[in-house]
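Beneath this line is the structure, given in structure tokens, with notes to follow.
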Amino acid sequence: MRTQVAIIGAGPSGLLLGQLLHKAGISNVILERQSADYVLGRIRAGVLEQVAVDLMEECGVADRMHKEGLVHEGIELLFQGQRHRIDFPGLTGGKTVMVYGQTEVTRDLMAARSAAGLPTYYEVGDSVRLHGFDGTSPKVTFRKDGRDEEIACDFIAGCDGYHGVSRASVPKDAIREYEKVYPFGWLGLLADVPPVFHELIYANTERGFALCSMRSPTRSRYYVQVPLTDKVEEWSDDAFYDELSRRLDPEARERLVRGPSLEKSIAPLRSFVAEPMRFGRLFLAGDAAHIVPPTGAKGLNLAASDVKYLSDGIVEHYRERSSAGLDHYSDRALRRVWKAERFSWWFTSLMHKFPGEGPIAQKLQEAELDYLVNSKAASMSLAENYVGLPL
Ligand code: RFL
Ligand code: PHB
């Protein structure tokens, strides 16, 4: 089999890239470890920046998002028992974000891919191997339904997430990794109950962080900070709602509706960057190259900006016979990645309780939050990062 671009991973990065290349007439094949249903069952991101919204439009898959997605004009910061609003359009010259789940983004992209009849191999397990990306004729081999398969290609796009095979295939001395693991996780719960409030609430409390998010006016997504040693089986729905409720202000607490969990899981928090993002004819994009803690809602959005830079570079290669875009890919992407890493680390540090740090840490966070909501300069900085820095 031959294709122009072999894409490893059918998460948002791989599916977005596949669609953009297809629109430009560039052939591509996607290989995915899991089944499509498994990929759709993972509950992850909820907030899209304009960059991601624009890409969905460019891919021709934005109709349902514009119909069902919720445009949000601000967030609420809760500390010392009181909520304070950050007004995005007022602070950023009119910008907003879109609340539309990663599951729906993925579903829309998968539907468009299968409608266009583009080749996707699901359930290839751990069989994918990358070959010859340091030369001019790379290859990908894998096993499907008991048969060994081979794809010859011009480029390989490693869109296979943090645990994928692409980054792991790069010689250790060619890559530099930067990492910080946080001493807590997020316990998340999804339920068909109306959200406590029509905007997201980020809460700093003496008991730890909490987040009230949503997927629709009838579906809520809530998170509470928990110790890394906690097990999800030990958290009943009631225990979760009790803890969330303790971390809310009286009005939100009053409005909290409890309902059975559709999903409940614990996610660890990590900051991670691998440099560079290009190795010969292998390009890494999305979580394969970098991870942010979810507090800034940046992970999926960084995947979108990587894919935009990468698809522009690949299209330029074929249309204009120029390697400039591909040569600059890693530097361009990393510049944006590091700014989002900084923002996500800062917002995480401001909002969470760090074990062993004592009461002075809480007081310092509260002073910074007080400054943040009362200083136009500080509020603007938060708002401009949250809605997304320019490409
Ligand atoms: P993904 O989504 O991990 O997809 C990678 C795909 O590659 C497959 N794969 C392989 N395929 C073939 N062979 C192999 N050897 C393979 N190994 C792996 C995997 O099965 C998978 O299908 O990476 P991608 O596409 O780069 O997308 C990144 C996003 O998923 C991620 O950054 C976001 O979910 C992060 N994130 C958020 N991002 C936002 O922009 N806004 C948010 O509000 C937001 N909230 C979140 C989040 C992540 C969370 N968790 C659970 C980590 C909230 C949470 C709780
Ligand atoms: C979510 O809805 O899952 C979500 C929203 C905002 C975040 C993180 C996760 O910062």
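Positions are given from 1, in the same order as the sequence printed here.
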Ring geometry between Tyr241 and Tyr222 (parallel below 30°, tilted from 30 to 60°, perpendicular above 60°): perpendicular

Taking all non-hydrogen atoms of both residues, which atom of Arg247 and which atom of Arg207 are closest, and how far apart? NH2-O, 3.0 Å

Leu20 and Val307 have their tightest heavy-atom pair at CD1-CG1, 3.7 Å

Are Leu300 and Trp338 joined in one hydrophobic group, where the rule is that I, L, V, M, F, W and Y side chains link up if heavy atoms are under 4.5 Å apart? yes

Kindly give the heavy-atom pair with the smallest separation between Ala36 and Tyr122, and that separation in Å. N-CD2, 3.5 Å

Do we get Arg335 above Tyr309's six-membered ring, with its NZ or CZ under 6.0 Å from the centre and within 45° of the axis? no

Salt bridge between Asp327 and Arg332, side-chain N to carboxylate O under 4.0 Å? no

Closest approach of Gly158 and Leu282, non-hydrogen atoms and distance? N-CD1, 4.0 Å

Salt-bridged, Glu76 to Arg83, with N to O below 4.0 Å? yes

Roughly how far, to the nearest 0.5 Å, is CD1 of Ile151 from CE of Met1? 4.5 Å

Sequence neighbours excluded, which residues qualify as ring pair (Phe, Tyr, Trp, His ring centres under 6.0 Å) partners of Tyr182? none

On the 0 to 90° scale, with breaks at 30° and 60°, tag the Phe184-His352 ring pair as parallel, tilted or perpendicular. parallel

Can a salt bridge be assigned to the pair Lys23 and Glu58 using a cut-off of 4.0 Å between side-chain N and carboxylate O? no

Which value, rounded to the nearest 0.5 Å, describes the distance between Tyr100 atom OH and Met65 atom CE? 7.5 Å

Indicate yes or no: at least one non-hydrogen side-chain atom of Lys353 is less than 4.5 angstrom from one of Thr205. no

Measure from NZ or CZ of Arg167 to the centre of the six-membered ring of Tyr162 and say whether it is under 6.0 Å with the direction within 45° of the ring axis. yes

Validation row, ring centre Phe88 to ring centre Tyr386 under 6.0 Å: yes

Determine the minimum heavy-atom distance between Ser305 and Arg336, stating which atoms define it. OG-NH1, 3.0 Å

Which pairs with one or both residues in residues 288-302 pass side chain to side chain donor-acceptor pair (under 3.5 Å), sequence neighbours excluded? Glu49-Lys298, His290-Asp306, Thr295-Thr348

Salt-bridge contact Glu263-Arg221 (side-chain N to carboxylate O under 4.0 Å): yes

Output for pair (Asp37 CG, Glu123 CD), nearest 0.5 Å, gives 9.0 Å

Measure centre to centre between the rings of His84 and Phe79, then say whether the value is under 6.0 Å. yes

What class does the angle between the rings of Trp235 and Phe240 fall in, given that below 30° is parallel, 30 to 60° is tilted and above 60° is perpendicular? perpendicular

Flag for Glu150-His131: side-chain donor and acceptor within less than 3.5 Å: no

Only counting residues at least two apart or in another chain, list the ones meeting side-chain contact (heavy atoms from CB on, under 4.5 Å) with His317. Phe155, Leu326

Lys/Arg-Asp/Glu bridge criterion (N-O < 4.0 Å) met for Asp242, Arg258: yes

Which atom pair, heavy atoms only, marks the closest approach of Met351 to Gln365? N-NE2, 4.3 Å

Of Leu77, Leu91, Val373, Leu350, the residue whose pairing with Leu382 passes side chain to side chain contact (heavy atoms under 4.5 Å, CB included): Leu77

